[in-house]
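Beneath this line is the structure, given in structure tokens, with notes to follow.
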Amino acid sequence: MKKRKIEVAVISDVHLGTYGCHADELIAYLNSIQPKKLVLNGDIIDIWQFSKRYFPASHLKVLKKLIGMASKGTEVFYITGNHDEMLRKFAPTSMGNVKILNKLVLNLDGKKAWIFHGDVFDISIQKAKWIARLGSYGYDFLILLNSLVNWCLKKLGREKYSLSKRIKNSVKTAVKYINDFERVATELAIENHYDYVVCGHIHQPKKEVVENKHGKTTYLNSGDWVENLTALEYSFKRWKVYRYNHDKLSPFFVDEDLKEMDMNELIASITNTSDIEDMEVHEEQEEKSLDKQGFTENSDGM
């Protein structure tokens, strides 16, 4: 089937390496699009909760898919978040079509889009990381429990139920935090004359035009691939929130080659052993060339 050609796609909060990650659904989505730019807006790999005991093949396949898109010409921007904050020490870094950044500004048809993960607004992360990490483990447990509940509901022929959404919508402090997050982001965007402010972090997909006495901006949140399975897409001079659960064509875009690939093949394709072999051959040729020119080591190592 033909892929949808779009200017920019933004995904965030995939949390590879956790039980709540919907890796197969994400692969199906990525197979359905052909973006010129792909923005990975933080928390793609959950380094906080990384465990050798749980990192299934489907999660590695997501990484292979992202690398494959970059090799075929898509500009991939990896913006660091709090769960993958270890990558911040490498920003800014460019590796071919892949760039690791802490924030990004894109010029889209004469308008400026300010893109960052959003954890900079979270006081619990900045001041007491152990509280944030504890909450992260609790959230992961809640998602795992929710999977069990939904399995039972499916057997009974009933609709799925989201415990985390229920909690977020019912706890006043959670609602206030989300509202404060969106307010601070939009106020800063207006103050700095950005037409769009694009975030992740709070797992709440949204598109909203916000205006105050100083100006206006469009607030956008890419949601997540744990609860909502959402992304942001920019094409034809407009943004929209993509919802996987509303896309009836998504099952047709599952990559059968990826599904059939075993773990060893997958790891080999990601590490690209052929490049390593080429490097070794090149080093041997250089050594032989130096020997011919008389640049050999003497007994003193000189």
Side-chain angles (χ1 to χ4, degrees), residues 8-30 32-33 35 38-50 54-56 58-59 62-63 65-66 77-85 87 115-122 124-125 132-133 135-147 150 160-169 171 174-175 177-179 181-182 185 197-208 219-233 239-247 250:
V8 183
V10 182
I11 61 173
S12 70
D13 300 274
V14 177
H15 293 276
L16 293 169
T18 65
Y19 293 104
C21 172
H22 287 266
D24 287 329
E25 289 84 348
L26 178 56
I27 290 172
Y29 169 63
L30 294 173
S32 72
I33 60 173
L38 175 63
V39 180
L40 310 175
N41 199 9
D43 290 359
I44 304 303
I45 303 172
D46 199 319
I47 298 175
W48 275 13
Q49 300 185 66
F50 179 79
Y54 187 79
F55 205 90
S58 60
H59 293 209
V62 171
L63 297 178
K65 184 64 185 177
L66 295 173
F77 300 93
Y78 194 124
I79 299 176
T80 57
N82 51 300
H83 285 258
D84 45 22
E85 63 182 352
L87 296 175
I115 307 173
F116 58 98
H117 183 62
D119 58 295
V120 291
F121 300 146
D122 198 327
S124 66
I125 291 173
R133 286 174 184 257
S136 178
Y137 284 111
Y139 178 74
D140 202 39
F141 174 76
L142 184 62
I143 294 296
L144 187 60
L145 179 62
N146 204 165
S147 299
N150 284 331
K160 291 182 179 180
Y161 184 81
S162 177
L163 291 171
S164 53
K165 282 186 180 180
R166 179 74 175 182
I167 291 171
K168 285 180 182 177
N169 294 334
V171 178
V175 174
Y177 172 77
I178 292 169
N179 291 336
F181 178 95
E182 294 172 349
V197 55
V198 183
C199 303
H201 188 55
I202 57 173
H203 294 208
Q204 296 288 305
K206 193 171 185 179
K207 174 188 174 184
E208 182 182 24
Y219 169 80
L220 296 142
N221 197 295
S222 46
D224 65 283
W225 287 85
V226 176
E227 302 171 67
N228 298 290
L229 281 61
T230 54
L232 294 171
E233 297 180 353
W239 285 97
K240 76 169 186 177
V241 177
Y242 168 88
R243 299 180 185 274
Y244 179 87
N245 292 327
H246 296 174
D247 189 348
S250 56

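If you read the sequence from its start, that first residue is 1, and numbering goes on from there.
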Listed by chain and number, what are the side-chain hydrogen bond (donor to acceptor under 3.5 Å, both in side chains) partners of Thr80, not counting sequence neighbours? Arg88, Asn102
Close side-chain approach of Cys199 to Val197, heavy-atom, < 4.5 Å: yes
Taking only residues two or more places apart in sequence, or in another chain, which ones meet Glu233 in a side-chain hydrogen bond (donor to acceptor under 3.5 Å, both in side chains)? Arg4, Tyr29
Hey, is the main chain of His117 close enough, under 3.5 Å, to the side chain of His201 for a donor-acceptor pair? no
Tell me, do Leu26 and Tyr244 make a side-chain contact under 4.5 Å, heavy atoms counted? no
What orientation do Tyr242 and Trp225 show, parallel under 30°, tilted 30 to 60°, or perpendicular over 60°? parallel
Nearest 0.5 Å please: distance from the OG atom of Ser222 over to the CD atom of Gln204. 11.5 Å
Distance (rounded to the nearest 0.5 Å) between Ser58 OG and His22 NE2: 11.0 Å
Distance (rounded to the nearest 0.5 Å) between Ile45 CD1 and His15 NE2: 12.0 Å
To the nearest 0.5 Å, what is the distance between CG on Asp247 and CG on Asn245? 9.5 Å
Does some side-chain heavy atom of Val226 sit less than 4.5 Å from a side-chain heavy atom of Asp13? no
Please examine the side chains of Ile44 and Val62, heavy atoms only from C-beta on, and report whether any two atoms are closer than 4.5 Å. no
Could you go through Ile11 and Leu40, starting from their C-alpha distance and side-chain angles, then the distance that decides it, and tell me whether this counts as side-chain contact (heavy atoms from CB on, under 4.5 Å)? CA-CA 5 Å; Ile11 61 173; Leu40 310 175; 3.6 Å; yes
Hey, does the side chain of Asp84 reach the backbone of Asp43 with a donor-acceptor pair shorter than 3.5 angstrom? yes
Look only at the side chain of Lys207 and the backbone of Trp239, and say whether a donor-acceptor pair between them is shorter than 3.5 Å. yes
Point-to-point distance, once rounded to the nearest 0.5 Å, from OH of Tyr78 to CG of Leu38: 11.5 Å
Hey, does Val14 have a side-chain heavy atom less than 4.5 Å from the side chain of Asp224? no
Residue from Leu232, Val39, Val8 passing side chain to side chain contact (heavy atoms under 4.5 Å, CB included) with Val198: Leu232
If every non-hydrogen atom of Thr230 is compared with every non-hydrogen atom of Pro205, which pair is closest and at what distance? OG1-CB, 3.6 Å
Test item: Asn221 side-chain N/O and Gly200 main-chain N/O as donor-acceptor pair under 3.5 Å: yes
Do side-chain atoms of Asn41 reach the backbone of Ile79 as a donor and acceptor pair under 3.5 angstrom? no
